[in-house]
Amino acid sequence: MADRWYPMGVPSFSRLAHEVPEPGMLVAHDRALYRVIVVHEDHPANWAEKDRNRLVQNRRAVEERKRHRARPLPREVFYPSPLDGWDGSEETWPNRPRGVELQPMAGGKRLHAGWPHPGWAYWYPVDEHHPVCASCGEPFPCREVDAAKEAARQMVKVEKLMAVGPSCCWHCGEPITSRQGARTFPGENLLLPGGPSPSFHQRKTGGCLYAAKEYEKKWREANPDLAETADLFGPADA
Ligand SMILES: [Zn+2]
Ligand SMILES: [Zn+2]
């Protein structure tokens, strides 16, 4: 399956992992858009045990930060924290538990989600003008765009493999000299259908040995009969 979805296809973490979503905000997650409708406050009396524990930890962190700031290491840089300036009280605690209601833009039932939660790292606030695919309606990049990119990547891989010369290593593409150790896997080429039986250098530099071991796993699965033949390659090196 395709990789994780990111707005504009650029891997990143969302600031919502640390900042409370705001009502009215447009957020994107896993190829869908949502509107933040309301953010509920939970009364401290209803806070869960884990929230109480977080409160204690956060208070401790603030104290430690203050102590540390008073005596910084030479040239130490302090990055801002959402806890900076917090007086330690429950009501103003920046990380106090909230309930967030989200309306899927494509319609359907509202979703309820607790905040904070590590999962928010993958819910991205997006601009009101975030591009949406004219063909399928998904926020950019849509599945088709991702599939086309993946196909282009595969094409580049195939072209590289087709360029591997005879008696060259199928990992690094360099010639295998008679002095170098190499391993050839008989039978069908599992990297390039129709290609010759591939050989790999037995050296760790450049990752050839690792590539050979990875190939061997696939090769054993594809050739259970061949794999049972002992000493096919002579003594294996560690
Ligand atoms: Zn599309
Ligand atoms: Zn190699």
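Residue numbers count from 1 along this sequence. Atoms within a ligand are numbered from 1 in the order they appear, just like the ligands themselves.
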query = Does NZ or CZ of Arg69 lie under 6.0 Å from the centre of the six-membered ring of Phe78, at an angle within 45° of the ring axis?
reply =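 Here Arg69 passes the 6.0 Å and 45° test against Phe78.
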
task = Take the Zn ion (ligand 2) as the vertex and measure to SG of Cys172 and SG of Cys208; round to 10°.
result = 110°

query = Would you find a donor on one side and an acceptor on the other, under 3.5 Å apart, between the side chain of Arg96 and the backbone of Glu41?
reply =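 No; judged by distance alone, with no hydrogens or angles, the pair does not exist.
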
request  = Have a look at the Zn ion (ligand 1) and estimate, to 10 degrees, the angle subtended by SG (Cys142) and SG (Cys136).
outcome  = 110°

task = Determine the sole option in Arg67, Arg60, Lys66 for which the salt bridge (Lys or Arg N to Asp or Glu O under 4.0 Å) test with Glu63 is passed.
result =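 Between Glu63 and the candidates, salt bridge (Lys or Arg N to Asp or Glu O under 4.0 Å) is satisfied uniquely by Lys66.
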
query = How is the N/O/S atom of His201 that comes nearest to the Zn ion (ligand 2) named?
reply = ND1

query = Within the stated cut-off of 2.8 Å, is an N/O/S atom of His171 closer than that to the Zn ion (ligand 2)?
reply = no

key: Salt-bridge criterion met for Arg35 and Glu128 (N-O under 4.0 Å)   =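 Glu128 and Arg35: salt-bridged.
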
